[in-house]
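Report on one structure; see the data block that follows.
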Amino acid sequence: MAKGEAIVILTGAGISKESGLETFRDEGGLWSRTRIEDVATPEAYARDPKRVLEFYNMRRQSMVDGNIRPNAAHLALARLEREWPGEVLVVTQNIDNLHEQAGSKNLLHMHGEMLKARCATCNDVIPWEGSLGLENSCHACGAVGRMRPHVVWFGEMPFYMNDIYAALDRCHLFISIGTSGNVYPAAGFVQHVRMRGVGRTVELNLEPSEGATLFAETHYGPASEKVPAFVGQLLNAGRIS
C-alpha cells in the first residue's frame with residue numbers, strides 16, 4: 001500500500017436511507033411534507049420554538065427507539081479507516097450516529113448531531129437522547145428555555161469548515177456518497193479538490209447528483225452495494241490510482 005495517501009469521504013442522506021432513515025430531498029422526503037422555513041431556520045426557532053423542538057423530538061425519538069442500525073456502506077467506511085495506511089476522514093452531512101455505530105473514529109459532523117443539544121446562550125454542548133423542551137435548563141450556565149438541537153439550520157454556518165478544507169487540500173482521493181449535490185458548501189468540495197489539479201474524485205450514489213459531471217469517476221447503485229465494493233477494490237489495489 002502507498003503510505004501516507006489521504007482520503008476524504010463526504011456522506012449525505014443517501015448512505016443512511018438503507019438503514020431506515022428518511023432523506024430530505026427525494027420524492028416523498030422530509031422537505032416535501034414540511035416547509036424548511038417552519039422548522040429548520042433560526043427564524044423559525046425564534047418565531048415558534050415549541051414547534052421546532054417538537055419536529056426534532058420526533059426525529060430523535062425515531063433514531064433512539066427505531067430499529068436503526070448501520071448498513072454495509074457505513075461498515076465498509078469504518079473498515080477503510082482501520083485498514084488504510086494513510087488518513088481517512090469522513091465528513092458527514094448527516095445528523096445521525098450511524099458512522100459512530102459502525103466504528104468510524106475520524107469523523108466530522110458538519111451539520112451537527114441529533115443526539116446532542118446546545119445552549120443558545122453559552123454554546124455548551126451535551127449528549128441528549130430524550131425530548132427537548134422550553135422547560136429544560138442549561139447544565140453549564142443555568143439558562144432556561146435556551147436549549148436547542150445541536151444541528152445546523154439553513155442560514156447557519158456548518159461546523160469544522162477550516163478542518164474540512166485543510167483535509168481537502170491534502171487529500172489524494174475525494175469520495176462523495178449519497179449526496180444530492182445541491183447543498184453548499186458541501187456541494188463545492190469536489191470542485192475545490194479539482195482546482196488543486198491533483199487527486200482522484202469519485203461519486204458513489206444511487207443516481208447522478210447535480211454535480212455528477214464534476215467527478216472524474218462515477219458509480220451508481222445502492223450504497224450498501226457500491227461502497228463495500230469500492231472499498232474492497234481500493235484496499236486490494238493498495239493505492240489511490
Side-chain angles (χ1 to χ4, degrees), residues 9-13 15-16 19-24 30-31 33-70 74 77-78 81 88-167 183 185-186:
I9 303 156
L10 172 68
T11 66
I15 196 172
S16 294
S19 292
L21 290 178
E22 288 188 282
T23 60
F24 291 88
L30 277 172
W31 298 145
R33 308 191 306 276
T34 307
R35 281 172 25 103
I36 291 171
E37 297 85 352
D38 292 337
V39 296
T41 66
E43 294 77 15
Y45 183 66
R47 182 173 60 249
D48 192 350
K50 184 177 179 181
R51 180 179 182 183
V52 172
L53 293 177
E54 287 176 349
F55 173 78
Y56 285 95
N57 284 342
M58 287 188 294
R59 295 198 62 209
R60 190 182 305 107
Q61 194 74 21
S62 68
M63 288 175 54
V64 173
D65 293 344
N67 189 27
I68 307 298
R69 298 289 182 271
H74 297 101
L77 295 183
E81 181 184 331
V88 175
L89 172 66
V90 174
V91 177
T92 186
Q93 297 172 280
N94 299 334
I95 58 177
D96 61 62
N97 66 345
L98 293 176
H99 283 300
E100 289 94 333
Q101 287 189 46
S104 290
K105 306 291 186 185
N106 197 22
L107 174 68
L108 295 177
H109 279 273
M110 64 179 295
H111 289 167
E113 300 175 66
M114 176 62 73
L115 299 182
K116 291 183 179 179
R118 182 170 84 249
C119 177
T121 297
C122 72
N123 286 322
D124 186 56
V125 178
I126 59 173
W128 199 284
E129 294 191 359
S131 292
L132 193 59
L134 295 174
E135 72 280 2
N136 293 119
S137 60
C138 174
H139 295 186
C141 72
V144 178
R146 298 288 288 164
M147 298 301 293
R148 54 162 283 183
H150 183 53
V151 299
V152 175
W153 288 326
F154 289 88
E156 295 182 326
M157 179 62 67
F159 301 133
Y160 309 112
M161 294 309 301
N162 289 339
D163 294 331
I164 292 169
Y165 281 115
V183 177

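Computed over heavy atoms, backbone and side chain alike; hydrogens, waters and symmetry mates excluded. Throughout, numbering of the chain's residues begins at 1 and tracks the sequence.
E113 is not listed as a side-chain neighbour of F159, based on a closest heavy-atom distance of 4.5 Å or more. Side-chain contact between C138 and M147 is present, with heavy atoms from C-beta onward closer than 4.5 Å. At a threshold of 4.5 Å between non-hydrogen side-chain atoms, the residues V152 and M110 do not count as touching.
Between K116 and E100 there is no salt bridge, since no side-chain N of the basic residue sits under 4.0 Å from a carboxylate O of the acidic one.
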| message | Between E156 and V151, is the side chain to side chain contact (heavy atoms under 4.5 Å, CB included) condition met? List the steps. | response | CA-CA 9 Å; E156 295 182 326; V151 299; over 6 Å; no
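Here the side chain of R69 pairs no donor or acceptor atom with the backbone of S19 at under 3.5 angstrom. Remark: side-chain polar atoms of E81 are paired, donor with acceptor, to backbone N or O of K105 under 3.5 angstrom. The main-chain N or O of A44 is found under 3.5 Å from a side-chain atom of T41 such that the two form a donor-acceptor pair. R146 contributes no side-chain N or O that, together with a main-chain N or O of C119, makes up a donor-acceptor pair within less than 3.5 Å. Judged by distance alone, with hydrogens and angles left aside, the side-chain atoms of S62 form a donor-acceptor pair with the main-chain N or O of R59 at under 3.5 Å.
The minimum heavy-atom distance linking L89 with L108 is given by the pair CD1-CG, 4.0 Å. The shortest heavy-atom contact between N106 and V88 is ND2-O, 3.1 Å. Minimum heavy-atom separation, L134 to P49: CD2-CB, 3.9 Å. Heavy atoms only, all atoms of each residue included: Q93 and G12 are closest at OE1-CA, 3.9 Å. Y45 and G145 make their closest contact through OH-O, 3.9 Å (heavy atoms, listed as atom of the first residue, atom of the second, distance). For the pair S137 and G142, the tightest heavy-atom approach, listed with the atom from each and the gap, is CB-O, 4.0 Å.
Just one of N94, V64, I95 meets the side-chain contact (heavy atoms from CB on, under 4.5 Å) condition when paired with M114; it is I95. Of the candidates I9, V90, L77, L10, L77 is the only one forming a side-chain contact (heavy atoms from CB on, under 4.5 Å) with I15.
The NE2 atom of H74 sits 7.0 Å away from the OG1 atom of T92 when rounded to the nearest 0.5 Å. Rounding to the nearest 0.5 angstrom, the gap separating the NE2 atom in H150 from the NE2 atom in H111 is 12.0 Å. One distance of note links CZ of R148 with CG of N123; it measures 9.0 Å at 0.5 Å rounding. Rounding to the nearest 0.5 Å places OH of Y56 at 11.0 Å from CE of M58. Expressed to the nearest 0.5 Å, how far CG of N57 lies from CD of E54 amounts to 7.5 Å.
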